[in-house]
Amino acid sequence: MDAAGNVSRPSSKITLVEGPSEWGISLKSDAQFSIDKSLTDLRFLLSSMPPEGESDYNFLDINSLIEITNGLETLRVGNYVEGQYCFDVIDMAGRHVANVVISMTGDAVDWMDGSTSQGIVISPKDDLHGDVYLNFSLWSGSEEIVEHLPVTFTN
């Protein structure tokens with residue numbers, strides 16, 4: 001194209017190739033998972049949507065904990081994939097582009113349950129001690145990026 005906006009005839013065929021994306025997963029600066037030891041019910045629901053009506057769980061929004069990017073685009077954690085311990089990662093157009101797999105490690109973990117259709121239920125042990133981490137693994141194709149969120153205990 002010249003300065004006047006005239007497009008010249010192509011001398012050869014142009015092929016556009018999508019370049020490699022730069023995936024990123026990071027903890028948000030204010031991300032925290034604090035367990036109040038004085039609560040009678042320590043079961044947490046890790047989900048992207050609050051439960052409808054009354055819930056048996058303390059709600060924990062996964063989007064308040066992690067940020068996922070692909071190049072300059074910020075993505076969003078969407079629906080929970082029932083029974084798979086993972087959530088859809090969606091782009092601005094609402095298309096599925098990746099998955100985030102959740103695990104929890106440490107001495108104070110009692111159990112995690114992924115059978116609910118709302119999200120993952122996390123239940124720490126009553127005797128809270130030791131280190132506990134929520135682990136977020138971003139999967140896109142064959143690429144995996146892992147981020148660990150320490151769990152803190154309060155009185």
Side-chain angles (χ1 to χ4, degrees), residues 16-155:
L16 298 177
V17 178
E18 187 176 331
S21 9
E22 293 185 26
W23 289 96
I25 183 170
S26 59
L27 297 176
K28 291 194 172 179
S29 59
D30 57 348
Q32 61 178 348
F33 181 15
S34 298
I35 298 175
D36 187 344
K37 293 180 189 178
S38 66
L39 290 175
T40 55
D41 188 356
L42 292 177
R43 293 181 302 169
F44 291 84
L45 176 67
L46 181 62
S47 182
S48 60
M49 293 179 287
E52 294 180 16
E54 290 189 33
S55 176
D56 295 334
Y57 313 111
N58 301 297
F59 174 66
L60 185 61
D61 183 358
I62 189 173
N63 283 296
S64 70
L65 301 177
I66 58 174
E67 181 174 83
I68 299 172
T69 56
N70 185 4
L72 298 176
E73 183 179 10
T74 299
L75 306 172
R76 190 177 153 303
V77 177
N79 293 332
Y80 175 64
V81 181
E82 189 172 352
Q84 301 296 314
Y85 290 92
C86 72
F87 292 84
D88 284 328
V89 177
I90 54 177
D91 64 12
M92 297 302 282
R95 295 176 299 220
H96 168 86
V97 293
N99 285 326
V100 172
V101 180
I102 311 298
S103 63
M104 195 171 186
T105 54
D107 299 332
V109 178
D110 192 5
W111 54 268
M112 284 180 60
D113 184 7
S115 62
T116 175
S117 61
Q118 297 175 306
I120 297 173
V121 177
I122 300 167
S123 182
K125 290 182 179 175
D126 292 334
D127 179 21
L128 297 173
H129 66 282
D131 296 326
V132 178
Y133 295 91
L134 270 177
N135 309 308
F136 302 95
S137 301
L138 175 65
W139 286 91
S140 174
S142 61
E143 186 174 359
E144 178 188 17
I145 304 170
V146 180
E147 189 65 52
H148 306 283
L149 174 65
V151 177
T152 57
F153 304 117
T154 60
N155 291 326

Specify the closest pair of heavy atoms between [X] and [Y], including all atoms of both residues, with the distance to one decimal.
X	Y	result
Q118	S47	O-OG, 2.7 Å
G119	F87	CA-CZ, 4.4 Å
A98	L138	CB-CD1, 3.9 Å
A31	L65	CB-O, 3.3 Å

Handout entry: Pairs flagged by salt bridge (Lys or Arg N to Asp or Glu O under 4.0 Å) wherever residues 68-78 is involved - sequence neighbours left out
Key =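 Not a single pair qualifies under salt bridge (Lys or Arg N to Asp or Glu O under 4.0 Å).
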
What residues form a side-chain hydrogen bond (donor to acceptor under 3.5 Å, both in side chains) with [X], not counting sequence neighbours?
X	result
S140	W23
T74	none
D88	H96

Exercise for the section: Can you measure from CD1 (I145) to OG (S137) and round to the nearest 0.5 angstrom? Expected result: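 Answer rounded to 0.5 Å: 10.0 Å.
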
Exercise for the section: Output all residues satisfying ring-ring contact (aromatic ring centres under 6.0 Å, His included) with F136, sequence neighbours left out; order by chain, then residue number. Expected result: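 With neighbours one apart ignored, the set is empty.
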
Practice task
Please examine the side chains of E22 and T69, heavy atoms only from C-beta on, and report whether any two atoms are closer than 4.5 Å.
Solution key: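 When only atoms from C-beta onward are counted, E22 and T69 do not touch, as no gap falls below 4.5 Å.
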
Practice task
Using salt bridge (Lys or Arg N to Asp or Glu O under 4.0 Å) as the criterion, list what pairs up with D91, not counting sequence neighbours.
Solution key: R95

Handout entry: Test side chain to side chain contact (heavy atoms under 4.5 Å, CB included) applied to L134 and I120, I66, I102, the passing residue
Key =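 The side chain to side chain contact (heavy atoms under 4.5 Å, CB included) with L134 is passed solely by I102 among I120, I66, I102.
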
